[in-house]
Amino acid sequence: MIVLPGSHRAAGLVDDAALVRAMLEVEVAWARVLGTSLSLGDWVPSLDPVEVEAAGNPVLPLVNALRAHVSDTVHTGLTSQDVLDSALMLLARGALQRMSADLGRVAGALAGLADEHRASVMAGRTLTQHAVPITFGLKAARWLVGVLDAVDELDAVSRTLPVQCGGAAGTLSRVPDPVAAASAFARHLGLVWPGMPWHTYRAPITRLGDAVVRCCDALGVMAADLLTLGRPEIGEVREGFVAGRGGSSTMPHKRNPVLSVLVNSAALRAPGLGAQLHLCAARAVDERPDGAWHAEWPALRALLELAVVAASQAAELVEGLEVRADVMARRAAEAAPDLLAERGGGTDPASYLGAAEVFVDEALRRNRSRLGPLRGDTEAPTPIVSERSDRK
């Protein structure tokens with residue numbers, strides 16, 4: 001059953017299979033820190049859901065399967081939270097890279113619309129009513145700035161995704177040289193060693209969640225505007241036609257703006273998932289939490305999937321958007337008495353645009369200077385083997 005429309009767009013990034021693979025990557029990295037040159041090839045265990053429930057998380061069944069598969073020393077000195085938290089950071093890295101690429105597509109398409117329609121006059125609306133004239137280029141430029149801000153947030157978070165390494169209660173007492181081991185562990189995984197474990201300090205999770213929610217916020221504003229402008233009684237924009245998309249189960253005339261609806265839906269869901277992460281962070285008690293952590297990872301995975309899907313949908317939406325500048329101009333001319341009332345009257349909305357073009361140029365300048373995709377390797381990092389390890 002497909003619960004999230006568009007979930008195929010995030011396939012292999014944050015699903016159960018991806019999580020198992022990420023946990024294995026974590027275990028292999030730690031084995032190398034312990035001095036074992038562990039290689040698993042394509043082996044991936046199938047975890048028994050009954051065993052997962054019995055353990056309270058998927059790590060113990062994974063470790064049991066791993067120990068049955070290899071004779072090397074594995075997992076010694078780690079705890080389940082170390083493995084799962086670090087694996088989630090690996091999933092987040094892949095999700096952020098995918099989001100960044102799709103948001104780059106969104107930004108590129110919006111920049112094109114802003115430039116093309118810098119002189120396309122339309123009615124500005126405040127509190128749903130006619131305000132003063134604007135241009136569609138300015139509206140696209142404002143969407144663009146929101147997306148660029150979101151990309152900056154993702155970039156900052158992606159460069160500081162931390163490894164989790166604390167052992168049973170955050171002391172890493174089982175390892176002879178804990179700090180060196182944790183640092184090597186981080187290097188193996190291409191993550192950051194933050195200086196100490198964060199078992200009950202969940203700012204890395206809430207910071208990640210906040211950045212992802214802000215991406216959905218930016219896309220939601222755009223989608224909501226497009227839904228309004230695409231209403232038949234306004235008709236100033238329209239989603240690009242794709243055969244089989246937007247149909248109704250009962251009304252044959254309909255061509256629903258499905259992508260705008262789904263992106264808008266994601267923006268409405270994302271803040272709740274972000275709030276769930278904060279609630280869990282505030283209940284991360286003792287040295288390892290009694291339920292808050294268990295409620296956190298499903299929410300984080302759901303948020304990452306939601307945002308990856310929304311960014312992909314938004315890219316397709318904007319790249320195929322049909323802008324009806326003639327309809328915008330006609331509606332603005334019809335509403336000229338209202339749109340020019342602030343000035344005291346007139347008949348030409350294009351004569352009262354203020355610094356709209358200047359603002360468009362500023363957004364385009366920023367887009368040209370943006371850093372582009374998230375920093376970081378797209379390939380698996382080359383392992384840095386500790387002094388006690390054997391090089392492969």
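Quick caveat: nothing in here was measured; it's all calculated off a predicted structure.
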Should Glu357 and Arg118 count as an ion pair when the cut-off is N to O under 4.0 Å? yes
Looking only at atom types and distance, does a side-chain atom of Thr135 sit under 3.5 Å from a main-chain N or O of Val121, one as donor and one as acceptor? no
With distance as the sole test, does Asp15 use its side chain to make a donor-acceptor pair with the main-chain N or O of Ala18 at under 3.5 Å? yes
Should Asp102 and Arg105 count as an ion pair when the cut-off is N to O under 4.0 Å? yes
Quick check against the 3.5 Å criterion: does Thr79 have a side-chain atom that pairs as donor or acceptor with the backbone of Asp82? no
Worked verdict on Met89 versus Ile205 for side chain to side chain contact (heavy atoms under 4.5 Å, CB included): CA-CA 9 Å; Met89 291 300 101; Ile205 297 293; 3.6 Å; yes
Below 4.0 angstrom, N of the basic side chain to O of the carboxylate: do Arg9 and Glu305 qualify? no
So which heavy atom on Ala299 is nearest to which on Leu277, and how close? CB-CD2, 4.0 Å
Is Arg125 paired with Glu236 through a side-chain N to carboxylate O contact shorter than 4.0 Å? yes
Can Asp85 and Arg202 be counted as an ion pair, charged N to O under 4.0 angstrom? yes
Describe, in one word, how the ring planes of Trp297 and Trp293 are oriented to each other, choosing from parallel (under 30°), tilted (30 to 60°) and perpendicular (over 60°). perpendicular
For the residue pair Ser312 and Arg98, confirm or rule out a side-chain donor-acceptor distance under 3.5 Å. no
Give, for atom OG of Ser260 and atom CG of Leu219, the distance between the pair rounded to the nearest 0.5 Å. 11.0 Å
Looking at Asp149 and Arg214, does any basic side-chain N land under 4.0 Å from a carboxylate oxygen? no
is_close_aromatic(Trp30, His75), centroid dist under 6.0 Å: no
Please lay out, stage by stage, how Met122 and Ile234 fare under the test side chain to side chain contact (heavy atoms under 4.5 Å, CB included). CA-CA 11 Å; Met122 65 181 295; Ile234 298 177; over 6 Å; no
Between Arg330 and Asp326 (salt bridge meaning N to carboxylate O under 4.0 Å), is one present in this structure? no
Ion pair check, Arg301 and Asp16, cut-off under 4.0 Å: yes
Flag, side chain of Glu319 to backbone of Ala109, donor-acceptor distance under 3.5 Å: no
Within 6.0 angstrom of Arg366 CZ, more than 12 heavy atoms from elsewhere: yes
